[in-house]
Amino acid sequence: MLNQFSSPVVVTAGHTDPAAPLVVLLHGRGSHEREILTLADHLPAGPAYAAVRAPIAEGGGYAWFANRGIGRPVAGSLRATMDWFTGWLDAVAPAGRPVVLVGFSGGAAFAGGLLLDDPARYAGAAILYGTLPFEAGVPTTPGRLAGVPVFVAQGEHDTVIPRELLDRTWAYLCGESGAAAAARRDPIGHGIAGEARTALGDWLRERLG
């Protein structure tokens, strides 16, 4: 399955030390790596930032997985792209290098899938304006993310991601998952609120020094 995708296209910002903490930025469906990289301009200067292009071409941009409905990944597709991603990650961030995932929209679902698949691999994850990939082959059992730092941001007026999935994600991450969750809802639609961006920067600073 790994060979069905091209080598990752990655753009970087921030610290160039290969041992510096790595923040991986994951764009939304139909977007691309250069768009999400602009988020790094608003985040702390200490870490290295890498924005990865999703491997599936879609709608003039790229997607992380095939969907069976908005916010509902096809399990086999998600498995294949997660394996592809972790192959890249293991090469750039061997054991001991802290890695935090920051995903927006479809990238949030992908980040959530990676975190649920291997919680011990990551120093934390930010799930921005998206849903976890429920019923998509990754565990969402009670206590799955015990003690894992997670930042959650949602828009009160988001009409892109189904509200039931946003609410389910909020309830799981702030409750039975056991995650150390910092969560906020802002009075916006499907986009990153300035206040949430600032809070994300503060959260990263606390996580990564």
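Residues: numbered from 1 along the sequence shown.
- Smallest separation of non-hydrogen atoms from Y172 and R144: OH-CB, 3.3 Å.
- When atom types are taken as modelled, the side chain of R53 and the backbone of P8 share no donor-acceptor pair closer than 3.5 angstrom.
- Between L101 atom CG and L25 atom CG the span is 9.5 Å, to the nearest 0.5 Å.
- At least one side-chain heavy atom of I70 sits under 4.5 Å from a side-chain heavy atom of P162.
- To the nearest 0.5 angstrom, T140 atom OG1 is 7.5 Å from E176 atom CD.
- Side-chain N or O atoms of R72 include none that pairs as donor or acceptor with a backbone N or O of F134 at under 3.5 Å.
- In this structure, L115 and A125 approach most closely via the heavy-atom pair CD2-CB, 3.8 Å.
- Between V74 and N67, every side-chain heavy-atom pair lies at or beyond the 4.5 Å cut-off.
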Mind running side chain to side chain contact (heavy atoms under 4.5 Å, CB included) on V24 and L114 for me, showing each step along the way?
CA-CA 12 Å; V24 182; L114 292 164; over 6 Å; no
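- Counting only heavy atoms from C-beta outward, the side chains of D118 and M82 never approach each other to under 4.5 Å.
- The aromatic rings of W203 and F151 sit tilted relative to each other, their planes meeting at an angle between 30° and 60°.
- With hydrophobic clusters built from ILVMFWY side chains whose heavy atoms lie under 4.5 angstrom apart, L39 shares a cluster with V100.
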Report the C-alpha distance between H32 and V11 in whole Å, list the side-chain angles of each, state the deciding distance to 0.1 Å, and finish with yes or no for side chain to side chain contact (heavy atoms under 4.5 Å, CB included).
CA-CA 10 Å; H32 54 82; V11 291; over 6 Å; no
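- Both I127 and L145 belong to a single network of hydrophobic side chains, linked directly or stepwise wherever heavy atoms of I, L, V, M, F, W or Y lie under 4.5 Å apart.
- Between E33 and V9, the closest side-chain pair of non-hydrogen atoms falls below 4.5 Å.
- Between T12 and Y49, the closest side-chain pair of non-hydrogen atoms is not below 4.5 Å.
- A continuous path of Ile, Leu, Val, Met, Phe, Trp and Tyr side chains, each step under 4.5 Å between heavy atoms, connects L173 with V138, placing both in one hydrophobic cluster.
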Determine, step by step, whether R29 and Y62 satisfy the side chain to side chain contact (heavy atoms under 4.5 Å, CB included) criterion, reporting the C-alpha distance in whole Å, the side-chain angles of both residues, the deciding distance to 0.1 Å, and the verdict.
CA-CA 6 Å; R29 178 173 292 269; Y62 301 89; over 6 Å; no
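- For the pair H27 (side chain) and A54 (backbone), a donor-acceptor distance under 3.5 Å is present.
- For the atom pair OG of S31 and CG of L26, the computed distance is 11.5 Å after rounding to the nearest 0.5 Å.
- The aromatic rings of W84 and F5 lie perpendicular to each other, with more than 60° between the two planes, well past the 30° mark.
- With contacts defined as side-chain heavy-atom distances shorter than 4.5 Å, the pair S177/T141 does not qualify.
- Pairing each heavy atom of A48 with each of R97, the nearest pair is CB-NH2, 3.6 Å.
- Here F110 contributes atom CZ and S105 contributes atom OG; the two are 14.0 Å apart, rounded to the nearest 0.5 Å.
- Applying the 6.0 Å contact sphere to CZ of R34 captures no more than 12 heavy atoms from other residues, nucleotides or ligands.
- Judged by the 6.0 Å and 45° rule, R185 forms a cation-pi pair with W170.
- Between the T81 side chain and the W64 main chain, a donor and an acceptor come within less than 3.5 Å of each other.
- In this structure, D117 and R79 have side chains that are in contact, with non-hydrogen atoms separated by less than 4.5 Å.
- Judged by distance alone, the side chain of R207 and the main-chain N or O of V150 form no donor-acceptor pair under 3.5 Å.
- With hydrogens and angles disregarded, no donor-acceptor distance shorter than 3.5 Å links the side chain of T169 to the backbone of T131.
- Considering all non-hydrogen atoms of both residues, H15 and D17 come closest at ND1-N, 3.1 Å.
- Using a 4.0 Å cut-off between a side-chain N of Lys or Arg and a carboxylate O of Asp or Glu, R163 and D158 do not qualify as a salt bridge.
- Hydrophobic clustering of Ile, Leu, Val, Met, Phe, Trp and Tyr side chains at less than 4.5 Å, counting indirect connections, keeps V99 apart from L208.
- G130 approaches I161 most closely through the heavy-atom pair CA-CG1, 4.2 Å.
- Of all heavy-atom pairs spanning R184 and A199, the tightest one is NH1-CB, 3.8 Å.
- With respect to the salt-bridge test (charged N to carboxylate O, under 4.0 angstrom), the residues E135 and R168 qualify.
- With rounding to the nearest 0.5 angstrom, the CG atom of L116 is 9.5 Å from the CG atom of L78.
- Note that CG of L128 is 11.5 Å distant from CZ of R197, once rounded to the nearest 0.5 Å.
- Following chains of ILVMFWY side-chain contacts shorter than 4.5 Å, one can reach V102 starting from Y129, so the two form part of one hydrophobic cluster.
- A donor-acceptor pair is defined here as one N or O able to donate and one able to accept, closer than 3.5 Å; no such pair exists between the side chain of Y122 and the backbone of V148.
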